[in-house]
Amino acid sequence: MPLRRWTRGPRLAYAMRNPLGGFARVPAAPAVVLRDLWPGNATVGEKLVRNRTEFDGVSRTLQSGVWDDPAWPAAYRRWLQSFGWLQDLRELGAESARIKARTLVSHWIRLPAAERAVIDPSITGARLSAWLGCYEFFAASADDSFRQHLMASLMMEARSIMVLMPEAASGWQALCALKGLLAVAVSIPDYPEFLTRYLRLIDEVITSQILPDGGHITRNPESLFLSVKELAEMLYILQAARLPLPTTLVEAANRTVPALRALRHGDGGLALFNGSSERDPHLVELVLNRASRARVVAAGLPESGFARLSSGRALLIADAAAPAPKGFDHTAHAGMLSFEFSSGKQRLIVNCGASRQKGWAEALRYPAAHSVLELADMAPMTFEPGGGTSRPPQVSRTHATQDGAHWLDMTHNGYESQGGGVYHRQLYLGKDGRTLRGEEKLEGATLARAPCVRFHLHPDIMVEPTENGHLLHSEEESWLFQSDGQVSVEESIYLGQGQRTATLQLVLTPPLPQERTPAPTKPDTAEEHADPEQPAEAEDTAHMPLPLDSTEADTQAHAPENTQALPQEVGLLSAGNDQFAGQEAQTAFPAAPPQPQPAANGTTGLPYPIIGQPPPKSIHWALSLISE
C-alpha cells in the first residue's frame with residue numbers, strides 16, 4: 001500500500017499519456033451507446049446556455065476554460081467538474097443547449113493532461129459516465145476530430161481511476177469512481193483491463209460500506225440514497241452491455257432498496273439524520289425502481305442503528321445508535337436519540353437538516369439542531385477540526401411491539417463524563433397511530449443543570465397555544481402537544497430542502513416546583529370527605545380533556561398487567577417503567593390520576609405520565625391527534 005502511494009505520481013503521469021500520440025488505438029465511437037437514466041432541470045440548462053450557474057442559491061458566471069478556483073466551495077467545484085449538468089442541457093433540448101454542451105466538453109478535453117483535475121477519482125468517474133450517458137445528445141453529430149479527442153480522453157481518465165483506486169475514494173464516492181470505470185469498460189471493450197480492474201475492486205468497495213441490513217456505514221440516509229443510485233447505474237450499464245451481473249452487486253441492491261424505503265417519510269423524501277437532506281421524492285422513487293423491482297420496506301435496521309415505528313398513518317424514525325466509525329464520520333451529527341415524526345404525507349417533528357455552507361454546516365451538527373435533549377455548554381461528542389469525531393457515546397436501544405403498538409427505550413452516555421448523567425428517552429406509539437408519548441430523563445447527573453428538550457417543527461406546521469397545550473395544525477390534521485414541563489415556542493430554521501426556511505420549535509424545560517395547598521381544618525363542603533393525603537396537584541388533572549376515542553374496554557384490554565407478554569428486557573415494560581402501558585387508545589392525558597401500581601422490584605410505578613407529578617429529573621409529553 002505505501003509503495004502504491006509513493007509511486008502514484010509517476011503512474012498517474014503515465015496513465016494520462018494521450019493515446020492520440022500513436023501508442024494506442026482510439027476507437028471512433030463507443031461500442032455500446034449508454035443513456036443517462038435521470039431527469040435534468042431545464043431551468044438550470046437555460047442558465048448554462050447564458051453562461052450562468054446557480055448552485056446552493058449562489059449565482060456565478062461561467063468562464064470559458066476555467067474549471068477550478070480556490071474561492072469556490074468544494075461542492076460547487078465537484079458539481080462543475082463532474083459534468084452532471086449535461087443532463088440539464090439535454091432536458092432543455094434546444095439546439096443552443098446541444099452546442100453549449102459540446103463547447104464546454106471541448107474546452108475540457110483539449111486541456112493538457114497535467115492541467116486536468118483528476119486527483120479525485122469519484123469526480124472523474126461521474127464525468128466519464130456523464131459524457132457517455134449524454135453522448136447521443138452532444139457528441140454523436142459532432143465532427144470526427146471532436147469525437148476522437150473525446151474517446152481519447154475517456155481512455156486517459158479511466159486509466160487515472162485505475163491508478164488512484166481504491167485508496168483515493170471511499171463511501172458512495174468510491175462507487176461513483178468505479179461506475180465511470182465500468183462505463184468506459186463497456187464502451188471500449190478492446191481494452192479489457194478496464195473491466196478486469198472494475199471486477200477486482202467492486203466487491204471490496206461494496207463490502208466496506210453496505211451493512212448487512214442494507215444501510216450505509218455513514219448512517220446518513222442521503223449517502224445510502226446516493227449509493228443505491230450508483231448501484232442502479234452500474235446494473236444498467238452491465239445489462240446494456242449484456243455482461244454477467246456480479247453477485248455482490250445484485251445482493252447489495254436487494255439489501256439497500258428496502259433499507260432506503262424504510263428511511264423515507266410519507267411524502268417520499270428522506271429522513272434528516274447525519275447530514276442528509278430530503279431530496280426530490282420523485283427522483284428517490286425513480287432510483288429505487290431502477291435498482292430493484294422489490295417494493296419491500298425493511299422492518300428494522302439493527303446494524304444501521306435506526307428504529308422505525310409505524311402505526312396507522314403515523315411514522316416515527318429515530319436515531320438509535322452511536323456515530324459512524326472513524327473514516328466514515330465526516331457527516332456524523334450529535335443527534336443520538338433524536339427522532340422525526342410524520343403523519344401521512346405531512347412531517348410534524350423534524351431535525352433541522354444539514355448545509356454545505358461553512359458555519360451552518362458545523363452548527364447543525366450539534367444537539368440543538370435536533371429534536372432531542374441538550375445540556376447547555378455540553379456536547380455528547382467532540383467534532384475534530386478535520387470534520388471527524390471523537391469521544392463517541394455509547395448508545396443502547398430496545399424496541400418492542402404488540403398489537404401494532406410500539407415501545408422504544410433508548411439511552412446514551414454522552415453527557416456522563418461531564419456530570420450530566422445518562423440520557424434516557426422512552427417513546428410509545430399507539431396501535432392506531434393517533435397517540436405518541438415520551439419521557440425524557442437524566443439519570444445519575446451530578447451537576448445541577450436543567451435539561452432542554454427541543455421539538456423542531458416542519459415549516460408547514462402552525463402552532464396555536466391553548467389552555468390544554470399547543471395545537472399543531474397541518475393542512476389535513478391537528479395534533480395536541482402536552483407536557484408536564486414548561487413549554488415555550490421559539491424560532492427555528494429548517495434546511496431539509498436545501499435552503500434556509502424559517503420555522504418554529506417547541507422547547508421543554510423541567511416543571512417548576514409546585515407548592516401543595518394545605519387541607520382545610522374545617523371542611524364545610526362535599527370536599528370534607530376527600531382523602532387528606534391526596535396531593536393538591538391532582539385537582540389540576542381533573543380539568544384535563546377527556547380521551548377523545550378511548551373506551552373502558554380499550555383501556556382494560558391493554559392494561560399494564562397484559563403487557564407482561566412482551567419481552568421483560570424491554571425497559572419501558574419493566575418494573576418501575578410501565579408508565580406508557582395501556583395508553584395506545586388515548587389522545588390526551590387521563591382525566592384523573594391512577595392509583596400507583598406495585599412493581600415487581602418493590603418500587604411503585606405509574607401506568608402513564610401524570611401532569612404535576614413527574615419523577616425526579618424527568619419530563620413527560622404527549623402528542624395526540626384530535627381532528628382530521
Side-chain angles (χ1 to χ4, degrees), residues 219 272-275 305 307 318-323 329 332-341 349-354 359-384 388-397 408-427 437-457 481 483-493 504-513 571 577 609 614-621:
R219 306 194 60 250
L272 306 183
F273 295 101
N274 295 307
D319 181 348
D329 57 348
H333 283 199
M336 294 75 63
L337 277 56
S338 66
F339 72 87
E340 295 197 322
F341 180 72
I349 298 175
V350 296
N351 294 318
C352 290
W360 277 105
E362 289 80 3
L364 291 168
R365 299 180 77 179
Y366 284 88
H370 300 78
S371 292
V372 75
L373 177 145
E374 68 159 333
L375 288 175
D377 302 323
M378 290 187 185
M381 55 193 282
T382 300
F383 298 108
E384 301 295 341
T389 64
S390 61
R391 197 173 54 84
Q394 294 180 340
V395 181
S396 70
R397 67 181 181 275
L408 179 62
D409 192 350
M410 304 179 289
T411 68
H412 83 63
N413 66 347
Y415 298 115
E416 188 175 28
S417 62
Q418 306 163 73
V422 176
Y423 174 32
H424 190 181
R425 166 170 264 181
Q426 299 174 306
L427 300 174
R437 295 176 178 271
E439 181 189 28
E440 317 288 342
K441 182 165 53 177
L442 286 172
E443 299 174 329
T446 58
L447 293 180
R449 187 167 296 178
C452 164
V453 184
R454 300 180 184 275
F455 295 89
H456 297 275
L457 304 177
F481 184 91
S483 175
D484 58 5
Q486 300 182 85
V487 184
S488 61
V489 181
E490 299 181 7
E491 294 181 348
S492 182
I493 200 79
L504 298 172
Q505 61 176 313
L506 301 178
V507 181
L508 274 61
T509 52
L512 294 174
N577 285 310
K617 298 182 181 179
S618 66
I619 305 174
H620 298 104
W621 54 269

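Both backbone and side-chain heavy atoms feed into the values below; hydrogens, waters and symmetry mates do not.
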Checklist outcome for this item: Shortest non-hydrogen pair, Arg391 vs Gly414, comes out as NH1-O, 3.4 Å
Checklist outcome for this item: dist Leu337:CG -> Ser396:OG (nearest 0.5 Å) comes out at 8.0 Å
Checklist entry - Side chains of Leu375 and Leu442: closer than 4.5 Å at any heavy-atom pair? => result yes
Item to check | Stepwise side chain to side chain contact (heavy atoms under 4.5 Å, CB included) check, Ile619 with Asp484 | outcome: CA-CA 6 Å; Ile619 305 174; Asp484 58 5; 3.8 Å; yes
Checklist entry - Looking at Phe341 versus Phe455, is the centre-to-centre ring distance below 6.0 Å? => result no
Next on the checklist: Strictly distance-based, threshold 3.5 Å: is any side-chain N or O of Asn413 a donor or acceptor partner for the main-chain N or O of Pro393?
Outcome noted: no
Next on the checklist: Do Leu447 and Gln418 have side chains that approach each other closer than 4.5 Å (heavy atoms only, starting at C-beta)?
Outcome noted: no
Checklist entry - Taking the side chain from Glu439 and the backbone from Trp621, do they hold a donor-acceptor pair closer than 3.5 Å? => result no
Next on the checklist: Taking Phe273's backbone N and O only, do any of them form a donor-acceptor pair with His333's side chain (distance below 3.5 Å, no angle check)?
Outcome noted: no
Next on the checklist: Can you confirm whether more than 12 heavy atoms, excluding those of Gln394, are under 6.0 Å from its CD atom?
Outcome noted: no
Next on the checklist: Has Ser483 got a side-chain atom pairing as donor or acceptor with His620's backbone, closer than 3.5 angstrom?
Outcome noted: yes
Next on the checklist: For Ser338 versus His370, what's the shortest heavy-atom pair and its separation?
Outcome noted: CB-CB, 3.9 Å
Checklist entry - Should Met381 and Pro323 count as side-chain neighbours, where that means a heavy-atom distance under 4.5 Å? => result yes
Checklist entry - What closest approach, in Å, do Leu457 and Ile349 show between heavy atoms, and which atom pair accounts for it? => result CD2-CG1, 4.4 Å
Next on the checklist: Restricting to non-hydrogen atoms, name the atom on Pro367 and the atom on Leu373 that form the minimum distance, rounded to 0.1 Å.
Outcome noted: CB-O, 4.2 Å
Checklist entry - Can you find a heavy atom in the side chain of Leu506 that is under 4.5 Å from one in the side chain of Val489? => result yes
Checklist entry - What closest approach, in Å, do Ala320 and Met410 show between heavy atoms, and which atom pair accounts for it? => result CB-SD, 3.6 Å
Checklist entry - Has Glu491 got more than 12 heavy atoms of other residues, nucleotides or ligands less than 6.0 Å from its CD? => result no
Item to check | Thr411 (side chain) donor-acceptor with His424 (main chain) under 3.5 angstrom | outcome: no
Next on the checklist: Main chain of Ala307, side chain of Arg397: is a donor-acceptor contact present, judged purely on distance under 3.5 Å?
Outcome noted: no
Checklist entry - Do the side chain of Arg365 and the main chain of Ala332 share a donor and acceptor less than 3.5 angstrom apart? => result yes
Checklist entry - Can you check whether His412's main-chain N or O pairs, donor with acceptor, with Glu416's side chain at less than 3.5 Å? => result no
Next on the checklist: Would Met336 and Tyr423 count as a side chain to side chain contact (heavy atoms under 4.5 Å, CB included) here? Give the steps.
Outcome noted: CA-CA 10 Å; Met336 294 75 63; Tyr423 174 32; over 6 Å; no
Checklist outcome for this item: Value for CD1 (Ile493) from CH2 (Trp360), rounded to nearest 0.5 Å, stands at 5.0 Å
Item to check | Closest approach of Pro380 to Ala334 (non-hydrogen atoms, all atoms of both residues) | outcome: CG-CB, 3.9 Å
Next on the checklist: If we ignore hydrogens and angles and just use 3.5 Å, is the side chain of Thr509 paired with the main-chain N or O of Cys452 as donor and acceptor?
Outcome noted: no
